[in-house]
Amino acid sequence: MKYRFCGKSGLQLPELSLGLWHNFGDTADFSVAESIVHHAFDKGITHFDLANNYGPSPGSAEANFGKILRRGLMSHRDEIIVTSKAGHLMWDGPYGDGSSRKYLMASLNQSLKRTGLEYFDIFYSHRYCPETPLEETVQTLIDIVKQGKALYVGLSKYPVDKAEEACRMMAEQHVHCLVYQDRYNMSCRNIEIGHAEMLAKTGMGFVAFSPLAQGLLTNRYLNGIPVDSRVYRPGGFLHKEDITADWLEKAKRLDGIASLRNQSLAQMAVSWLLSKEYLTSVIVGVSSVAQLDDNLAALDSLPFSNEEFAEIDEILGFKKV
């Protein structure tokens, strides 16, 4: 495993990190989840990404990860990075959502209790909340660091101007905003418009999630929708309507490029992200050890040629400005 410095800091993260958004909650097979976490650690994945509402049910991914820690991994606590977040709906009522001090502090304390940890390595504001004054959210993050409940703090899914302002306010109190996390993949390039420049300006690292676009950037749907697809799961983020004829044509062309590189489409999608200099780590979500190994194989890929980059952009409709 290779590691990259997280922005302008001394902290290194592995190029691949394990996300526990799906497949680690109440509905998952615990023994499989535990084997994935152990295998990831054995392969050099030291960064495990959580949030208060990961499951399903909300909170169950943190509880299960805490169980995995207690069953043996806790002896390696100083060798791993554990992150969590708060910002989305977690419980009913006016204090179970948003970015108020009340919600963030309560969520953090609950998350620490579920995982059995004394501190998180990184704690994120999971989203920008326009209903909460930014000063309130930022001061809470500063206090979380100064209270020792997190070593670092980060931001996720913030507008560029709000992220820059938040970083400035933290710096005024001598707290560095370590990292920014957002959706980024070959077909979702919003991060390239403003955020990449912001990262350089603020010195934050960047962690990308959804590298496979919820499965669209794989060969899973090239010959029809499997009966066990997440498309048919209630509450999922990928829908049958997303798998259009137009998209399938693009995916087949991308798969052709991947084949010439001796990669699967999923591996190429991960390799493409790792080619970005401003990227620190890619969060992968998997449901089996074999799937994790398939993602890990992307680390050994050849560099992309300019022609390959151009063809990928042409297929997906992106043009250099």
So, for [X] and [Y], which heavy atoms are closest and what is the spacing to 0.1 Å?
X: Gly98; Y: Leu104; answer: O-CD2, 4.4 Å
X: Ser107; Y: Ala86; answer: CB-CB, 3.5 Å
X: Gly194; Y: Val160; answer: C-CG2, 3.7 Å
X: Ser187; Y: Phe318; answer: O-CZ, 3.7 Å
X: Leu155; Y: Ala163; answer: CD1-CA, 3.9 Å
X: Leu265; Y: Thr218; answer: CD2-O, 3.4 Å

Is [Y] reachable from [X] through a run of I, L, V, M, F, W or Y residues, each pair having side-chain heavy atoms under 4.5 Å apart?
X: Met204; Y: Ile81; result: no
X: Phe41; Y: Leu16; result: yes
X: Leu20; Y: Ile283; result: no
X: Val286; Y: Leu212; result: yes
X: Val282; Y: Leu178; result: no

Please say which of Phe30, Trp21, Phe48 ends up in a ring pair (Phe, Tyr, Trp, His ring centres under 6.0 Å) with Phe65.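 That would be Phe48.
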If we ignore hydrogens and angles and just use 3.5 Å, is the side chain of [X] paired with the main-chain N or O of [Y] as donor and acceptor?
X: Arg101; Y: Thr137; value: no
X: Ser156; Y: Ser125; value: no
X: Arg4; Y: Gln12; value: no
X: His38; Y: Ala33; value: no
X: Arg253; Y: Gly256; value: no
X: Asn185; Y: Ser210; value: yes
X: Asn109; Y: Met105; value: yes
X: Thr280; Y: Gly205; value: no
X: Gln139; Y: Glu136; value: no
X: Ser60; Y: Gly25; value: no

Under a plain distance cut-off of 3.5 Å, with no hydrogens placed, do [Y] and [X] share a side-chain donor-acceptor pair?
X: Tyr180; Y: Asp182; value: yes
X: Ser17; Y: Asp49; value: no
X: Ser99; Y: Thr132; value: no
X: Tyr124; Y: Gln181; value: yes
X: Lys276; Y: Tyr184; value: no
X: Tyr103; Y: Asn52; value: yes
X: Ser287; Y: Gln291; value: yes
X: Asp246; Y: Thr244; value: no
X: Thr115; Y: Glu62; value: no
X: Lys146; Y: His174; value: no

Between Leu89 and Asn53, is the side chain to side chain contact (heavy atoms under 4.5 Å, CB included) condition met? List the steps. CA-CA 7 Å; Leu89 179 64; Asn53 62 341; over 6 Å; no
When you check the gap from the basic side-chain N to the acidic O, do [X] and [Y] get nearer than 4.0 Å?
X: Glu172; Y: Arg168; result: yes
X: Arg189; Y: Asp313; result: yes
X: Asp97; Y: Arg127; result: yes
X: Asp143; Y: Lys149; result: no

Do [X] and [Y] come within less than 4.5 Å of each other through their side chains, counting heavy atoms only?
X: Tyr278; Y: His195; value: no
X: Leu254; Y: Met268; value: yes
X: Val37; Y: Leu18; value: yes
X: Pro211; Y: Trp272; value: no
X: Leu296; Y: Val284; value: no
X: Phe304; Y: Arg261; value: yes
X: His47; Y: Ile80; value: no
X: Ile45; Y: Leu292; value: yes

Would you say [atom1] of [X] has more than 12 non-hydrogen atoms from neighbouring residues, nucleotides or ligands within 6.0 angstrom?
X: Glu314; atom1: CD; result: yes
X: Asp92; atom1: CG; result: no
X: Glu118; atom1: CD; result: no
X: Tyr95; atom1: OH; result: no

Verdict with supporting geometry, Leu151 and Ile122, side chain to side chain contact (heavy atoms under 4.5 Å, CB included): CA-CA 6 Å; Leu151 302 183; Ile122 306 169; over 6 Å; no
Could you go step by step and tell me if Leu134 and Glu165 meet the side chain to side chain contact (heavy atoms under 4.5 Å, CB included) rule? CA-CA 9 Å; Leu134 185 62; Glu165 188 177 358; 3.8 Å; yes
Separation between [atom1] of [X] and [atom2] of [Y], rounded to the nearest 0.5 Å:
X: Glu164; Y: Cys177; atom1: CD; atom2: SG; result: 11.5 Å
X: Ser35; Y: Asp42; atom1: OG; atom2: CG; result: 11.0 Å
X: Leu274; Y: Ser301; atom1: CG; atom2: OG; result: 7.5 Å
X: Ser259; Y: Ile257; atom1: OG; atom2: CD1; result: 10.0 Å
X: Thr202; Y: Glu197; atom1: OG1; atom2: CD; result: 10.5 Å

Partner of Leu299 by side chain to side chain contact (heavy atoms under 4.5 Å, CB included), out of Lys2, Gln267, Lys43, Glu15: Glu15
Please determine whether side chain to side chain contact (heavy atoms under 4.5 Å, CB included) holds for the pair Tyr152 and Phe123, giving the CA-CA distance in whole Å, both sets of side-chain angles, and the decisive distance to 0.1 Å. CA-CA 7 Å; Tyr152 305 91; Phe123 187 76; over 6 Å; no
